[in-house]
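Worksheet for the structure shown next.
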Amino acid sequence: MFEIVRIENFSPSTFLWEVRAPEIAHAARPGQFVIVRCDEKAERIPLTIADFDVVSGTVTVVIQAAGKSTFDMKAYKALDQISDVAGPLGEPSEIENFGTVVLVGGGLGVAPVFPILRALKLKGCRTISIIGFRSKSLVFWEGRFREYSDETIIVTDDGTYGEKGLVTQPLKQIITEREINRVIAIGPLVMMKAAAEVTRPAGVRTIVSVNPIMVDGTGMCGSCRVSLGGEVKFACIDGPDMDGHLVNFDELLIRQKRFSKYEKKSLELYEKKCQKK
Amino acid sequence: MPKKVIVRQSSAHLPPETRRTNFEEVVCGYSEAEALTEAGRCLQCKTPVCITGCPVKINIKQFINFISKKDYKGAYKTITEANLFPSICGRVCPQERQCEASCVLGKKQEPVAIGLLERFVGDRAQQNDWHETHPVEPIDKKAAIIGSGPAGLACAYDLAKAGVTVVVFEALHRPGGVLIYGIPEFRLPKEVVFKEIENLRGLGVTIETNRVIGKIHTIEELMTRLSFDVVFIGAGAGYPKNPGIKGDSLNGVMSANEFLTRVTLMHGADFPKYGTPVGIGKNIAVIGCGNTAIDSARTAMRLGPDNVYIVYRRTLEESPARKEEIRHAREEGVRFIWQTVPVELLPDDEGWVKGMDCIQRKVDETGLHIDSKFFLYADTVIYALGTMANPIISRTTPELKIDKTGYIETSEDNLMTSIPGIFAGGDITRSTGTFTTVIHAMSTGRRAAKGMLEYLKAGQ
Ligand SMILES: Cc1cc2nc3c(=O)[nH]c(=O)nc-3n(C[C@H](O)[C@H](O)[C@H](O)COP(=O)(O)OP(=O)(O)OC[C@H]3O[C@@H](n4cnc5c(N)ncnc54)[C@H](O)[C@@H]3O)c2cc1C
Ligand SMILES: Cc1cc2nc3c(=O)[nH]c(=O)nc-3n(C[C@H](O)[C@H](O)[C@H](O)COP(=O)(O)OP(=O)(O)OC[C@H]3O[C@@H](n4cnc5c(N)ncnc54)[C@H](O)[C@@H]3O)c2cc1C
Ligand code: SF4
Ligand code: SF4
Ligand code: FES
């Protein structure tokens with residue numbers, strides 16, 4: 001069993017869990033993820049490691065309630081126990097002094113960008129962060145980003161905070177005006193796809209973190225297959241970091257809907273249950 | 001008057017109409033009377049050739065003799081000298097190619113049902129708790145076992161019995177390997193596997209689930225920071241081979257491993273009570289015809305579809321699956337399409353598979369190939385084309401010698417890898433033969449345990 005030591009609510013739908021898992025904290029590197037299974041009947045849910053602390057022996061994940069399983073997770077309280085946390089899984093992000101790096105985080109993707117940003121900064125990179133949210137009320141971790149970024153740009157869809165617009169707009173501007181050595185973009189698939197298109201003409205190496213549907217997370221089932229430059233890769237063991245210019249995003253977008261019929265069904269049941277309560 | 005021949009006792013089976021609607025065990029196993037009758041068929045040969053057919057050389061003649069004397073505990077002791085898990089092997093061994101293929105009775109009539117007898121003894125032992133329980137004298141040595149499939153479990157058992165402190169690291173949330181996530185409940189009830197694992201815990205073995213070695217700890221770390229003296233790698237060969245044809249990434253197309261894991265490990269048949277959906281349609285095509293394909297087809301059948309097909313490039317005779325399983329599948333309504341390869345999977349407007357273009361190739365009497373092309377309507381395609389070595393361990397252990405296809409190389413005599421103190425067995429190794437069976441995995445686990453104990457002794 002694993003204890004949730006701390007919960008922080010960022011908005012009605014996004015929240016943070018800090019979970020005691022000393023061995024995972026010890027081994028974790030930026031870019032890796034864990035698979036959480038809350039109880040005997042629950043699904044195995046992949047979640048990117050948003051922070052890890054060897055001293056306190058904890059790993060942090062930031063969760064967006066997207067469907068039944070993640071809604072269920074909202075009901076947990078600090079000091080509750082969950083059955084399983086497996087990890088760290090996946091290949092760590094490449095961390096080197098690349099020169100100037102732009103880190104792009106969209107919505108919930110802001111959280112998994114953070115440990116990469118911190119590690120790159122500590123390696124000596126010049127870091128420019130662009131983080132985007134739908135609205136002011138959803139903004140989180142601004143302070144943490146400012147601490148490790150040479151420049152921080154915040155955008156919101158509705159313009160209630162920072163610049164109005166999408167993360168791709170400042171990204172485009174920076175790419176055209178300055179010499180950038182690498183871009184790291186994490187967020188919804190459409191955002192990562194758009195970011196990769198922005199950087200493609202300039203040929204700036206762009207790393208995205210793909211999130212296909214997973215089961216085991218150990219290379220055993222092939223559920224997480226992604227077409228990368230025409231080759232089949234498994235996101236759980238070859239990724240989740242991948243070359244954004246080679247990922248077949250259109251295929252991935254379709255594959256994310258593999259279980260939509262069932263997801264809807266279980267969400268409906270969940271809502272019914274909530275109404276009864 | 002000629003002596004009356006006693007025919008081979010068949011075990012009761014659930015009738016096809018009921019069993020296709022549930023996951024209960026299909027083969028019910030022998031009653032005591034049936035077991036005694038069947039044991040009575042054994043000729044107690046002077047040279048019991050049956051034993052040569054068993055990969056772990058169980059003294060079959062002797063255990064059957066014990067059954068005849070109703071000394072079931074004696075029979076259990078005899079079997080477990082060679083095979084620790086008779087309830088499992090009695091159910092899943094391909095006996096018709098191993099022990100029973102060698103039995104002399106098989107020349108003129110049906111061979112003795114060695115597998116069913118072994119299962120009978122194993123089940124009695126489980127019911128009566130006959131397993132080893134006496135405390136062992138600990139020796140000051142620590143072994144790490146990677147993977148809790150049959151290879152790892154067998155290795156852990158022998159090491160624990162020798163007094164070694166054993167920790168098994170398993171990647172998934174539940175131990176058992178393919179026995180738990182792959183082989184369906186109706187062929188191997190999970191309760192049978194749980195009991196064996198509980199017995200292992202009773203011997204003092206610790207099982208750490210959710211630990212992917214190579215990720216949470218490297219092998220080097222096991223030997224240094226975590227101070228293990230020896231390591232056994234029994235990680236299996238779980239990486240599914242892809243069909244590699246156009247359309248294989250469409251929705252509705254999945255590997256047998258994914259499908260079976262969703263149903264067997266994650267209880268997908270009980271969705272939404274359990275959180276994991278299975279996601280199959282009404283017309284299911286399984287590509288391939290090995291054990292895994294048949295298990296997938298029979299599992300799919302139990303989820304209430306309209307049609308389940310097995311599409312196989314060769315003939316019935318060439319199929320590597322057990323004939324009994326093919327018969328069971330047929331009885332349950334699975335349809336077989338032989339000598340046929342899918343050449344392309346076709347999508348509907350939303351990116352879901354709607355069927356496959358197939359070519360059936362038959363050879364006429366003159367040796368001429370006759371190809372016919374047809375379209376098979378299928379909204380779900382499950383591919384069971386075999387597996388390859390999982391690369392997690394080899395990628396994070398650069399000194400570990402692997403062959404061209406990624407399997408771990410070991411020395412023939414003690415199953416030690418290229419790194420001193422690190423041993424390997426089961427499906428992740430190939431040098432020890434190309435069998436990928438439960439009993440073979442167990443036998444390599446035991447051989448490695450022997451090698452590990454000798455290695456530990458030599459190092460003192
Ligand atoms: C490597 C990786 C890292 C991830 N990191 C995070 C994270 O840090 N925070 C976060 O909130 N979410 C993350 N996700 C996505 C998260 O796993 C899904 O949102 C979650 O599984 C949805 O489950 P649900 O039942 O709540 O929603 P559902 O209604 O089941 O699905 C909602 C959406 O999530 C996707 N999804 C469903 N099941 C899975 C699954 N088993 N694996 C992956 N995606 C699935 C579906 O495509 C669907 O579009 C990550 C996914 C991957 C693969
Ligand atoms: C569907 C199916 C049906 C089958 N039917 C039969 C049958 O009827 N009869 C028969 O004899 N054989 C059958 N087989 C084959 C048989 O199951 C295998 O040969 C056998 O299980 C191999 O045992 P193993 O211990 O080597 O590996 P596995 O059983 O594959 O177990 C390996 C374990 O290691 C874990 N693991 C992997 N990597 C790591 C890591 N890095 N760290 C920690 N843990 C790790 C895995 O999660 C897994 O639990 C079948 C196989 C399948 C897939
Ligand atoms: S272990 Fe398998 S091969 Fe050996 S006797 Fe038992 S059933 Fe036959
Ligand atoms: S070969 Fe057959 S008949 Fe002879 S001892 Fe073995 S099981 Fe009995
Ligand atoms: S999640 Fe199963 S192979 Fe990646």
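Labels below follow one simple rule: chain letters A, B, ... track the order of the sequence lines, proteins then strands, and each chain is numbered from 1.
Summarising the geometry of B:N257 relative to A:M220, their closest heavy-atom pair is ND2-O, 2.8 Å, with the distance given to 0.1 Å.
Between chain A and the residues B:G351, B:S255, B:P240, B:G238, the largest count of heavy-atom pairs under 4.5 Å involves B:P240. Counting heavy-atom pairs closer than 4.5 Å to chain A, the top-ranked of the candidates B:T396, B:N390, B:I216, B:L172 is B:I216. Heavy-atom pairs under 4.5 Å with chain A were tallied for B:K273, B:H267, B:E221; the largest tally goes to B:K273. By number of non-hydrogen pairs under 4.5 angstrom with chain A, the leading residue of B:H173, B:K215, B:M254 is B:H173.
With a 4.5 angstrom heavy-atom cutoff, B:I392 touches chain A only via side-chain atoms. When heavy atoms are compared at a cutoff of 4.5 Å, B:Y181 approaches chain A solely by way of its side chain, counted from C-beta outward.
By the 4.5 Å heavy-atom criterion applied to side chains, B:N210 and A:F2 are counted as neighbours. A heavy-atom distance below 4.5 Å is not found between the side chains of A:D216 and B:T261. Counting heavy atoms from C-beta outward, A:E43 and B:M266 have side chains that stay 4.5 Å or more apart.
Donor-acceptor pairing under 3.5 Å is recorded for the side chains of B:S249 and A:E251.
To the nearest 0.5 Å, atom CH2 of residue B:W352 and atom NZ of residue A:K261 are 6.5 Å apart.
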